[in-house]
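All remarks here apply to the structure that follows.
Residue numbers start from 1 in every chain, and the chains themselves are labelled A, B, ... in the order their sequence lines are given, proteins ahead of strands. Any value given below was found using the heavy atoms of this structure, including those in side chains, with hydrogens, waters and symmetry copies removed. Only a predicted model underlies this, so the values are computations on that prediction, with no experimental measurement involved.
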Amino acid sequence: MNKDKPPRIAEWIIYVISKPGNKAGVLGDIDEEYNEVILENGKFRANLWLVKQIVIPLIFFLGSNIIWSFAMFKNYLKTVLRIMKRDKANTFINVAGLTLGFTCFILIMLYVKFETSYDKYHNNAKNIYTFREAYQSAPFAPALKAEFPEIRSVARIHSYGVMKTNKYLFSINGTGFMENELYLVDPEIFEIFTFKFLTGNSETALDDPNSIVLTKSIAEKFFGNENPIGKVITFENKYELKVTALINDVPSNSYRKFKMLIPFVNYSKIKGLSLNTWGYKDVNAYCLIDDDTDIASIEERSNAFLLKTKYRNEQGDKHNDEKLTFYPLVNEYLHPRGGGGPFKYLAILSAIAFTILILGCINYMNLTNARSLQRAKEIGIRKVSGAGRRQLVRQILTESAAISILSFFISMLLSILLLPSFRNLMERRLILDFSHNIFFFAGLFAVAVLVSVVSAIYPAFFMSSFMPAVVLKGLFKSSKKGIAMKNIMLVFQFTVSIILIISTLVIRNQINYIRSKDAGFSKEQIVSVIVRDSGVKKRFPVFVNEVRKYPDIINASASDQLPNSIYYPGMMTWPGKTKEDGRIISHFGMVDHNYVDVFGIDLIKGRNFAVEETSDQSGAFLVNEAAIKQLGWEDPIGKEINVWNQRGKIVGVMKDFHNNSYFSKIRPLTLYLNPTFEIDQWLFKSKTIYYLSVKVRRNSIPEILKFLETTFKKFSPNYPFEYRFFNEIFDQRYKSVQKTGEIIGVFSFISIFIGCLGLYGLVTFITEQRTKEIGIRKTLGATVSGIVVLISKGLLKWVVIAAFISFPAAWYAMSIWLEDFAYRISLVPGLFVLGAFIVASIAFLSVVVKTYRSASADPVESLRIE
Amino acid sequence: MIELTKAEELFLLTIWRLEDGAYGVAIKKKIKEITGKDYKYGTLYFLLDHLTGKGFINRIEGEPTKERGGRRKIFYKITPKGIEVLKASMNMHEKVWSGAESLFFEKGY
């Protein structure tokens, strides 16, 4: 009879809405009545009826859920307030610890996520490769592309200028700007990388050799609000470039921070070399490789190919021993070619993040447990008065969840608030984007809930199931498992805190050591004027002498490099050198007679360059101890050497100084007397920066600067006057080490703080547990201090155990970190003992505070509480 | 003393009247018949659950039948407690309303 069934979807909706027990009834009823309506009014009316039946309950269903959520939320707030009112101190510690944990975790992971995202934004990111051997010859990459079809596209890239920090002159209508990050690139770069073109066309932008592509910021700097397209920029007073396109600024998570691009074909013009010169290598390249290409195989075949090509060096030797390695773009930042790189650092930071999070959670669990045991009596009483077990469990869970969820939301808020300071600390433009990181935050929320559940399980279930009498008597408090757990947590807390303190001490000491380590040259009261006009070279001696005339200037020196960073490694040879003598590579710098005096460099043998000594004019060198050590010459004075084809006699030996970073050992160094910096070597032809350094008397810096500027303008009118204080230049190099130290210091402090919070909470709990015992002891005549000692002794053994675990762990971790430093502090036992001692002291203090309170309470009261 | 809301009263009375035949469709129809109120199934079952919770009626599950797409009917039967509370309600009603027939002759204000 009842053949017509209501449509499936209707049934499904009703099924979802109905309460479990009624599902069958409702569905059946609807079915029945539906058929009746069909019989009475036909199918159409019946369906209408059905809609009416469904829509209204549906609205109520949704509405009531929303209302229910509001009600729940209000309830939840009430719960939280109630808890906070009741137990301010503990709740605060709990919330603080967990919130700190979450906040730090969020912020650190934000940074880690950013750092590991470098260059991943390109559309073809995973197929872009470059060469680990950074410098290749100009014809190399195109030849490789022609040979291997899997290499779909190559773009060569050459960073203009020798040093990354050098700036060059860009003139627009007579106004000069000093900028860097100019790159020569093949137009194919736009196929490989993903640049957003604001105006102009990626296909034609770099067709004309005289074109230049600017990023938005640079264009704004040069041209303000005007349209830059078609405008002319004069580069280094030599080249006229026309702006053909405008691209968006490169995102801050890019290894190469392009600002300006010009076509690669200009390479020949700029270097004076043919684009087919195989012998000269200073070009890099990016390749776009087909999906699913076996990189190892391409590498092998490329190396074979390399041997076949005209790949020779200047002496005509084939570079048979050099191997080519393909290397993904996305690794360029994290695993730089020279080694080092942020990877280790990120690993350490992530470890810290997790540690802080776990610490916060463990804290929370410990303290919740402690608090709940306190409330055991309250629960017992409630049970006696008839509260249902389910209700009790629900209440405990809800309270626990309320606190942890509150912490979660506060931490989100705190992350937002602290983001600006964090950005400054980490020096990155980080963005906290909730919508793109839903899984992360959902996961964190789940952790918050999980933590609350786990910490509530013990009290909620075990306590509520016991007979009220048992709970009231407190008999179950001392279960073996419970005590073991608590001791484990205590040891864990101690261990982590000790490790953190030791690490912080080590890092701080290492950084102080580096900063105070004698560089070997003076840093104070030296101002360096930056000279970029190579036309000044010949006139440097005149320039120097004019500057020296100024009364408050003690001395002045011209050089091509400053003592903290002398580079240009070149091979050293000497008359009679044989192959057995091996290769000696020495850093090379060109200086004048006053260099040694201005920078306070000590000479341990021989003398400085002297104007009177005419022999110096035909070639003279100062070398450092490291060089002499490698040469193995007993009496080096007067011996002839040759570096970068400059021949000269050694006139003096300098005491070793750090001409490179503290990270590396001091290497051989030769300073060549060349006050006009004329040198016939390829490498130095494109050198564009020289320094005029003056040692000044402290008092009249502004006047001195003014004088320097006027004098500078006389010799180099086309360039802006630039100067730096030498000690600032020096400190800059260590900024990164300092930064690292700062960051690790901040987070270590936070970890220690959370650890101490936890310590305090735990110790408090343990002491409270023994309130009754304390009361009894007091009545038996014990003194407060006696009780304090008793409890502390119990804790002490756990500290010792923690020390045994933490010492080796800390030693291992710190050894790895110190590896990076050529000059490092030694890990003395004192550091470790100090760490343990600090932790023990904190524990001890907590005991004292809490015990004192319990112990000075009237023993009658503490006994009566039971 | 427990007082019934109007809806509770209506439902209990209807269920009592329907004796052994008080299930979803029947209750719904009877109420419509008597009062003209058209209860939707959502509200209907909500109230039925509510009354069951209070102990005024009992749920009895019937046999599945072919006609209702193979689903069983759920019958409701009034409990002694329900009877008590209905009686009390009726008493109260009589006390409150006794002698108010003349209401029908009053002109509206």
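Counting non-hydrogen atoms of other residues, nucleotides and ligands closer than 6.0 Å to OH of B/Tyr39 gives a total above 12.
Counting heavy atoms from C-beta outward, B/Tyr41 and A/Asn22 have side chains that stay 4.5 Å or more apart.
One finds no salt bridge joining A/Glu32 and B/Arg71 here, because no Lys/Arg side-chain nitrogen approaches an Asp/Glu carboxylate oxygen to under 4.0 Å. The pair B/Lys29-A/Glu36 meets the salt-bridge criterion, with a side-chain N (NZ, NE, NH1 or NH2) lying under 4.0 Å from an Asp/Glu carboxylate O.
Here CD of A/Gln53 is found 7.0 Å from CG of B/Asp38. Values are rounded to the nearest 0.5 Å.
Only the side chain of B/Lys73 comes within less than 4.5 Å of a heavy atom of chain A; its backbone N, CA, C and O stay farther away.
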